[in-house]
Amino acid sequence: MDRHVAVGSAPAPFLAEVLAVFSNLPDAGRLCAALSLTSALTFRIDDCRVGVESRPECLEGCLVRCLVGSSPLCTAAAVAQDILNQLAKMAHPVPFVSTRGKALVTTFLGAIREGLATDGGLYVPSGSPVGPHGLPAFWLASLEELAATQQSAGTVVSYHDVALVVLERLVDLRETPLSILARMIQKAYDPSRWSDPSIAPLRFLGSYPTTVTGANGKTDGVDNSTPVYLSEQFHGPTAAFKDFALQLFPQFFARAVQCLARTGDNRGAGGKGDGASNERYMILTATSGDTGVAVINGFQRNAPDIPIMVLYPIHGVSPVQKQQMLACDGGSVHVLGVEADFDFCQSSVKAMFNDPKLAAVLQSGRVGWGGVKMSSANSINWGRLLPQLVYYVYAHVSLRAKDAAQSDVVTGRPHMMDVAVPTGNFGNILACFYAKHYLGVPVRRLVLASNSNDVLHEFVTSGGVYDTTHRRLVTTASPSIDILRASNVERFLYFILQDPTAVANLMLSLEKNGKFVAPPSVANVLQQEFAAGRASENDCAECVRHVLATSVSRTLVDPHTAVALHVVLNEYVPQQNVRASPSQAPTPIVVSSTAHWAKFPEPVLSWIAPPTDHAVPVRLGAEASVGDVAAMYRRITAICPQATLAAPLAQIFGREGCRGEAGKVASVCPADISVVEGRLMGFLAKQGHR
């Protein structure tokens, strides 16, 4: 059946002009013919999008779409050219390559399915994932206008709308058509499973004094307080930011496996396969705390037939994170504690992926569950990073919508924002970096916040020296960033260098010598676009108390958010605003609040409890029971009545009768990769009897 182009929600003369321009563009006819489209445009006036549709009555059935608005940049010629560019990207999708250059080129879904490239590198798009022509100049302005319209109507900015507008530009729409993508987004961010209707609300924390220095180096003496906002990324089913990716990623992964089963094409759905494949996949992942339970929750809801094995450092996660994972242990899920740190767990996963003997055994069927391949749900997988770009776009359009509602635009508030991220594996901050460079989100400076494991702080401040030789991992109250070898630095290096051989050599140096020194081009980007700070445990404790006492809503934050807030309030804000004019308003700062405070009750309680609190201490650390955690929650909420328990945690720890409950006992193994492989084999053997 022929498909046609539809243009929506603009005055009829504008639509007619788009039609006329599009029809006369070079290659329009050829691309339409190649994609089985008619060369004529039909019109719809009930949506603010322009699209190439397979079903005229539903814009979610489009092949491609274009969000239009009243921006002067949104001309008929620009809209027509954007449609053409998107059709060209559909006809010639962006290929995915390894950062180390020796693995086979694959597609979007192929990269998601395989996880780690066969040469040990990470998959990245060859060029911009939005296509060689980039996004039209009016794209972000139209999205801001949509958000402002929703805000002025008294509704929250729709996360679903923003996610669809963003992700439709980043995925391969041949493999995942818009109608399917829209359903996936709706399922991932179903409001009934998220504790806030905004999904990722932007909360005003407060304004903090800034010493403003003019271009002449003199302090102007003007009160220029910097507004600080929290991007609350903890309202999902497991109360941490990993939910944004891991409610959507399993759906992408299941679709990728289905495409392989249907076509036999290991490069993805778009190439020529050799016939249907009977390969099965399992997920093997390492976690420093939040990833594990988010992976389990996401796959059990969205792809329950795929087995999952999670490795975690037995003494390197909070008791809440541990009990969240153990509550799901059994059946198609195996949660394994390792007597080691997260770096060992992560390196073990990579080593098992790259072990040809293990791969041969798994594919032979000798473990009782034949033809199985491993993939990952860590942020080494491109499908984990991709959904995280959305909440940085959402933070920006939410900020602009608030500005428009408060008339801040006319008072000189800049369109730019700074973003501060607590990070250990460089994934969350890399998502913001990609949002800036691929999607045009106006981020002035990325503020990297480290805890005592501050190898990334040194990487930024030294201009590209990554050195682990003089370091030993320290266990902190912010375990999700207790990492010394940040996997996603490799993608960052590739983005700048565009040289897989150079990246491979740097990674080889890190693996063999424990360090590398990046080329000057990396140092230039770090200097121009990044700032970095670090926070000790005492810094975090003081920050939690300070924010609780001084923020607008008396906000209680978790230790990871405290790491970022300490850097922002004590290091970055006091010195960040050097401006030519004292009348220019400070740039607002958005802080990624990555987890709910209740995931880390032990440090939070110790930091906020008054000195006169002589309550009987509960058992702390990795051995804390469900009852111990419940007792800590009661004490915290007695001190901070405004602090509410996250719904997913209330289900485990907030029940009546759990006061003396111990919870499940963890499976533990030594820091020996051969033992870990044995546990993997045993787990898969059991799957063959399910």
Quiz item: Do Arg384 and Asn381 have side-chain N/O donor and acceptor atoms under 3.5 Å apart?
Solution: no
Establish, from distance only, whether the side-chain atoms of Tyr281 and Glu114 form a donor-acceptor pair under 3.5 Å. yes
For this session: Determine whether the aromatic ring centres of Trp382 and Tyr434 lie less than 6.0 Å apart.
Result: yes
request  = Could you tell me whether the side chains of Thr287 and Lys242 share a donor-acceptor contact shorter than 3.5 Å?
outcome  = no
Of all heavy-atom pairs linking Ala486 and Tyr466, the shortest is N-OH, 2.9 Å
Interatomic distance, NE2@His560 vs OG1@Thr423, rounded to 0.5 Å, equals 10.5 Å
Side chains of Asn297 and Thr238 only: does a donor on one sit below 3.5 Å from an acceptor on the other? no
Test item: side-chain donor near acceptor, Ser98 and Asp119, under 3.5 Å: yes
message = Aromatic contact between Tyr394 and Tyr159, with the criterion being ring centroids under 6.0 Å apart: yes or no?
response = yes
Separation between NZ (Lys515) and OG1 (Thr468), nearest 0.5 Å, reads 9.5 Å
When rounded to the nearest 0.5 Å, the distance separating CD of Gln321 from CD of Gln324 is 7.5 Å
Can you confirm whether the side chains of Ser592 and Tyr392 place a donor and an acceptor under 3.5 Å from each other? yes
### Message
Under a 3.5 Å threshold, yes or no: a donor from one side chain and an acceptor from the other, between Glu175 and Thr107?
### Response
yes
Exercise for the section: Assess whether atom NZ of Lys102 is packed by more than 12 heavy atoms of other residues, nucleotides or ligands within 6.0 Å. Expected result: no
Rounding to 0.5 Å, atoms CZ (Phe495) and OG (Ser128) come to a distance of 8.0 Å
So OG1 of Thr594 and CZ of Phe241: to nearest 0.5 Å the spacing works out to 6.0 Å
For the aromatic rings, using the six-membered ring if either is Trp, is the centroid distance between Phe459 and Phe530 under 6.0 Å?
no
